[in-house]
Engineer: 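Once you've had a glance at the structure underneath, I'll fire off some questions.
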Amino acid sequence: MNKQKNDFLELEHTYMQLPNVFFSKQVPSLVPNPKLVIFNDALAETLGINEAAFKSDEGVQVLAGNTLLGPSIAQAYAGHQFGYFTMLGDGRAVLLGEYQAPDGILYDVQLKGSGRTPYSRRGDGKAALGPMLREYIISEGMYGLGIPTTRSLAVVTTGEQIRRETMLEGAILTRLAKSHIRVGTFQYAARYGTLGDLKALADYTVGRHFRETQAIKTNEKEDNPYIDLLRQVISRQAKLISKWQLVGFIHGVMNTDNMTISGETIDYGPCAFMDTYHSKTVFSSIDEAGRYAYGNQPAMAAWNLTRFAEALLPLLHENEEQAVLIAQSELEQFEKLYKTYWQQGICAKLGFQEVTKENMLLVKRLLELMESHEADYTNTFRLLTIGEEKLLDFWQAEEGKAWWEEWQKSLSVQNRTKEDIKKIMMAHNPVVIPRNHQVEAALSDATQAHDLSKLHKLLEVLKNPYDYSKDYGTYISVPKSNGCGYRTFCGT
Ligand code: AMP
Ligand code: MG
């Protein structure tokens with residue numbers, strides 16, 4: 001598999017076996033003075049990556065893209081950005097290759113912020129330290145919460161200043177992903193490639209992510225594995241988005257180029273966790289219409305998956321009308337699957353054993369109470385878990401107390417001990433999330449004073465977000481402004 005021997009990572013280059021339209025050979029730009037800012041020891045250890053080698057001077061040159069481990073590429077893709085189709089591609093990233101971890105899984109190793117590529121459009125191909133550390137924190141936070149996500153192996157500064165609204169320190173993030181194949185990669189193939197290109201991409205994707213994919217009979221003659229590909233992607237996304245909703249994660253820029261086929265969360269730009277519960281919550285400064293608001297995320301995922309199905313049409317059936325019918329019937333499943341996953345999750349958050357009409361009514365009333373009393377999302381469920389009902393934002397209200405009584409009653413008729421109920425609730429209600437004010441404080445110290453102590457502490461806390469035995473001190477406190485008015489910006 002043309003692996004090159006070296007002390008760092010032996011990489012494969014399977015993506016380069018796809019037709020040429022899918023990538024451009026691209027070496028990272030040389031950078032003047034790379035310095036290691038942070039390295040993910042725990043991730044390196046689980047994946048069998050040699051951390052000592054990467055922390056050496058030579059290793060830092062690899063993480064900065066100055067030393068290459070083999071041929072590197074920028075991937076081509078397209079995508080709907082806020083509803084509009086555009087040709088995109090890795091404009092500031094290169095794929096160094098794929099690393100096979102001891103578990104047999106291939107991980108893309110990508111440098112983000114590594115300079116211009118043929119897909120850079122008017123961008124400089126660079127990234128600033130703050131946004132790269134932000135991606136590091138939030139992606140690791142998501143991992144801690146048990147949500148599928150790309151991971152962050154390291155951040156280095158480049159020794160360059162880059163121009164944004166002000167001059168900022170340049171940085172490069174090393175990102176590991178099950179792959180970087182996006183809905184937008186399929187859109188690109190469908191729009192600009194041949195049918196053969198599209199088929200090659202679909203086959204590669206099945207081989208990498210859906211080995212278990214089965215041929216599905218569409219009529220007497222045909223066995224079609226691509227219908228199952230569509231089905232599996234829909235199912236993984238339904239599960240992923242339900243997990244986001246259950247912890248109050250708002251991605252912020254759910255464009256089709258930011259939706260993976262593997263089902264991992266990717267591209268932590270203007271994302272943030274919701275403090276005060278409200279379905280219309282938006283943090284991103286560029287999302288003026290609220291397209292990607294908290295409550296819209298499931299619908300937007302369905303919209304993106306429809307674009308995925310459209311791209312797959314020529315593979316679903318040779319007759320276009322038949323293909324559309326197949327796509328529609330698969331897409332209809334998204335809403336049902338999402339609802340099932342979300343209902344199971346929210347019932348577990350309240351200690352319910354089953355999703356029943358009565359339980360869902362209690363859920364609905366709780367969410368209404370939280371919204372009208374501007375309750376903190378995470379802390380409400382934490383307080384319910386530990387039985388500190390008097391601290392609930394809506395405790396003073398008659399309807400709040402009434403809700404609590406009824407909830408207690410429904411729990412008591414279940415076939416479960418109090419301890420068991422609490423255990424279930426603890427496993428589904430995180431004590432800590434990457435709260436916006438804490439993330440900002442950590443980033444501000446790191447970028448302005450090169451003081452990483454807050455950042456490391458935050459990362460430590462985020463490793464075990466469901467551990468109720470620790471004293472999390474200020475990590476559970478809500479900012480005075482309650483997070484309202486918090487604004488995030490695209491990570492450029
Ligand atoms: P994102 O908003 O990070 O998902 O990026 C959307 C598109 O813009 C992708 O094609 C990126 O590669 C590209 N892009 C973002 N920032 C830059 C930059 N500084 N230089 C070049 N391309 C960029
Ligand atoms: Mg992106």
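Atoms within a ligand are numbered from 1 in the order they appear, just like the ligands themselves. In what follows, residues are counted from 1 in the order of the sequence shown.
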Engineer: Heavy atom of R122 under 4.0 Å from ligand 1?
Structural biologist: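 It does not, in that no heavy atom of R122 comes within the 4.0 Å cut-off of ligand 1.
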Engineer: Would you say the Mg ion (ligand 2) has N255 as a near neighbour, meaning an N/O/S atom of that residue under 2.8 Å away?
Structural biologist: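 Given the 2.8 Å cut-off, N255 does not count as a ligand of the Mg ion (ligand 2).
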Engineer: Applying a strict 4.0 Å limit to heavy atoms, is R121 in contact with ligand 1?
Structural biologist: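 Within the 4.0 Å threshold, so yes.
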Engineer: Do T256 and Q81 come close enough that some side-chain heavy atom pair is under 4.5 Å?
Structural biologist: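 T256 vs Q81: side chains apart.
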Engineer: Is the Y377 ring parallel, tilted or perpendicular to the F381 ring (thresholds 30°, 60°)?
Structural biologist: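 Plane angle over 60°, so perpendicular.
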Engineer: Report yes or no: does V253 have a heavy atom closer than 4.0 Å to ligand 1?
Structural biologist: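 No heavy atom of V253 comes that close to ligand 1.
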Engineer: Quick one: does G125 get a heavy atom under 4.0 Å from ligand 1?
Structural biologist: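 Yes, that is the case, since the closest heavy atom of the residue is under 4.0 Å from the ligand.
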Engineer: Can you tell me if Y15 and S179 form a side-chain donor-acceptor pair at under 3.5 Å?
Structural biologist: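 Side-chain D/A pair, Y15 to S179: absent.
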Engineer: Going by atom types alone, do Y143 and N40 pair a side-chain donor with an acceptor below 3.5 Å?
Structural biologist: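 Result is no, nothing qualifies.
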Engineer: Out of A127, G113, G184, G91, whose heavy atom is nearest to atom 12 (O) of ligand 1?
Structural biologist: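 It is G91 that holds the nearest heavy atom.
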Engineer: Say whether R164 and ligand 1 are in contact under the criterion: heavy-atom distance to a ligand atom below 4.0 Å.
Structural biologist: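 Judged by the 4.0 Å heavy-atom criterion, R164 does count as contacting ligand 1.
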Engineer: Mind checking the NZ-CZ spacing from K126 to R164? Nearest 0.5 Å is all I need.
Structural biologist: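 Separation between the atoms: 10.0 Å.
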Engineer: Using a distance threshold of 2.8 Å, state whether an N, O or S atom of D267 lies below it from the Mg ion (ligand 2).
Structural biologist: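 Checking D267: at least one N, O or S atom is under 2.8 Å.
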